[in-house]
Amino acid sequence: MPAPRRRPAPGAQAVTAADDLPVARVVVEVPVLRLDHTYDYLVPVSMADGVTAGVRVKVRFGAQDVDGYVLERLATSEHEGTLRPLRRLVSTEPVLPNASARLCRVVAEHYAGSMSDVVRLAVPPRHARTEDEPLAEAAVTTGEQPHNGSRSPMAPDGPAPGASAPHGSAPTDAGPWSGLAGGEAFLRHAASGAAVRGVWTALPGRWTAGGSVLADDGWEDMVARAVRVVRDSGRGVLVVLPDARDVDRLSRALDAAGLRDATASGRTLPDDVGRAHGYVRLLADDGPAQRYRAFLAALRGHARVVIGTRAAAFAPVAELGLAVVWEDDDPLHAEQRAPYPHVREVLALRSEAEGCALLVAGLGRSVEAQALVRSGWAHEIGAARAVVRERAPRVRALTRVEVAREGPAAVARIPSAAWRIAREGLAQGPVLVQVPRAGYVPVTACGTCREPADCPDCHGPLGLASGSSTPQCRWCGRLAAAWSCPRCHGSTLRSVLVGSERTAEELGRAFTNVPVRISGARSAGGVLATVSGASALVVATPGAEPVAAGGYAAALLLDAGVATAGTQLRTRQDAVRRWLTAASLVRPATAGGVVAVVGDGDEVVTGALVRWDPAGLADRELDERVELGLPPAVRVGALTGPRQAVMAVLAETTLPPGATVLGPVPVTPADGGAPVLGGELGDVRAIVRAPRGEGRLLAASLRAGVAGRGARRGAGTVRLHMDVADLV
DNA sequence: CTTGCACTACTA
DNA sequence: AGTAGTGCAAGA
């Protein structure tokens, strides 16, 4: 093979390569799938010492300068042509160490994306000044205030963190974990460095009727305890939570457990203090400097515990012993940028790649977590039924049937039973009122019984284009002319549009002597983190429920019909998770805590809450998914782009055995309505699904199919999204 | 025989 | 993606 002709790059002067390991293997930041491999460059002598695995560099790629990361130094290259020199060493900080690079590669393969896309998610933008910042003086940090709103610190239990022997000699004090089936064993194995995997369903906090705390075993105390145990064994810990409020809540528990925020107040704790007591908070909504500072503190090992929101799933943690995802069902754990990785999957891959323990935790149970349990990949950790019953509030369903017994009063949106619960609760403390987010939920449902309508063929949701009377499946495009409801055999469909506002005003008028507080992203006061234990009505949208000191005396979950309506794959899980989040802030039944579900909600979801049995619901959902061939029982890939291009990819892709193609269907409504799913006008989407066992093969073949089709054909680009959450 | 721009090939 | 190199059509 003749060596390719190469012109001297303009302005390129000859450079002498380093004597030792003159070749750098580089992953370049180019967003093109077909260019997603490593490239070899020469290390100039001037950079001989600074170029190590993980550093950022600038390289000449084609006719442009691009950013890249060095993966390794080599003595020789397998590339046959001439190598070009590295252009610039951006920084000697190894921001993509080997373990991170391996994780990025594995995640890219899992999601059929490019490594460079994943690296972009994993490494925060550089903030040069932060790199040279000196560490804080030890004296400066002593007596520093822990996180705002911290409750009184619990008595320090066990040896001071890190003060004891570095490796595992401290006895494992599992604390409240001992009360859970499988809890103590999980922590013990995790602390001994085993790659155990657990799925844990947390209980609500323990409060008395008077609103005092009986024990520090709310979920944040439990997680803090797990952090302490594994950290005291000498290993690192990573906890990923949905949003900043949850991170704050865990921060307070960590502070109470004797740990310290290593980068609070814009300075990094000295190494010895940080290593022993420090944790680092990695939050997407922090500024670039603070984000990079926290990242560096983790990277440099100044703190061995990292907590944060979804990008933290990639954080470098040396000797990672335990990775935790809290509320893995929360949509915030799904990254919105290509290749759309999910925190739970990233941590699961990490558990396999780095051999660390994994804890998938939440108040509820995701279908995906249930699948991990069912397959035997993870162990179930949870309290006995008797304990659950003792800790959960009493849940009453005020459905239409229930309310009908009241007679004419049932016409009101809030039945008298709910008013009574609120009034009685207010005598004991704060009462939470959860209202579905303002706005409209478009749903196509049976005109008679309101059951959401789905495709007789593939069980996709049925859409009804305006002006058309024939429903069409939004997955496979089939016209369901002779649709009839599988439940009540009705044959009419209707678009359900429900509004949900006014509630706060209504309640405020009814209880004039009680303060009404409102918490919500769009409300004037924003989202409240906490409220006091004083009697008050607290109206909140899902996800914005403040924690009440001493727990709520009661909660009303309004408009259950709206909360559980929807055609999306996840609504039942979403609904029960939103309800559990609210209900878990209420005092236990034994302390008089009551939750009322108001309205005609899905009976399955309502039942799961009444019995406080999220695992049962997840198990049932999983059965259904298996039967219908939906994720996580199968793996799916969505191909979106111009029809011609999507068809070309499908034609040129060798799909694994057992794979089936649904669609393609237009991604924009036929009536010219607003484009959905970020698709361009006229784009189509095809879904390819394959049995879980063929998942790797499916990802690999789709990736090859999308990459192999050159841009040369000009039919447009096809976007690939594995395991889409919204199959709608 | 020039100039302008669409088309495509390539990136170490 | 982004760019340089190639080929063909209109202009002088």
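Lettering follows sequence order; numbering is per chain, from 1. Being a predicted model, the structure only gives us computed values, none of them experimental.
Applying the salt bridge (charged side-chain N to carboxylate O under 4.0 Å, His left out) test between A/Glu93 and each of A/Arg126, A/Arg300, A/Arg56 identifies A/Arg300 as the sole match.
There is a side-chain donor-acceptor pair under 3.5 Å between A/Ser77 and A/Asp40.
Nearest to the side chain of A/Ala63, among C/dA1, C/dA4, B/dA12, sits C/dA4. Side chain of A/Leu35, nearest nucleotide from B/dA12, B/dT11, C/dT3: B/dT11.
Within the 4.0 angstrom heavy-atom criterion, only backbone atoms of the sugar-phosphate kind lie near A/Tyr41; the bases stay farther away. Using a 4.0 Å heavy-atom distance criterion, A/Val32 is classed as a base contact.
Note on A/Glu319 versus A/Arg304: salt bridge recorded, some NZ/NE/NH1/NH2 to OD/OE distance being below 4.0 Å.
In this structure, A/Gln64 places its CD atom 11 Å from P of C/dA1, rounding to the nearest Å. In this entry the distance linking CD of A/Glu72 with P of B/dA12 reads 19 Å, nearest Å. Nucleotide C/dG2 holds its P atom 13 Å from the CG atom of A/Asp65, rounded to whole Å. The CD-C1' distance, from A/Glu29 to B/dT11, rounds to 16 Å in whole Å. In this structure, CZ of A/Arg25 is placed 15 Å from P of B/dA12, rounded to the nearest angstrom. Rounding to whole angstrom units, CG of residue A/Asp36 and P of B/dA12 are separated by 16 Å. Atoms CZ (A/Arg84) and P (B/dA12) sit 5 Å apart, rounded to a whole Å. Counting to the nearest Å, the C1' atom of C/dA1 and the CZ atom of A/Arg120 are 11 Å from each other.
Pair check for B/dA12 finds none; no Watson-Crick or G-U wobble contact set falls under 3.5 Å.
Between A/Tyr340 and A/Tyr111, the ring centre distance reaches or exceeds 6.0 Å.
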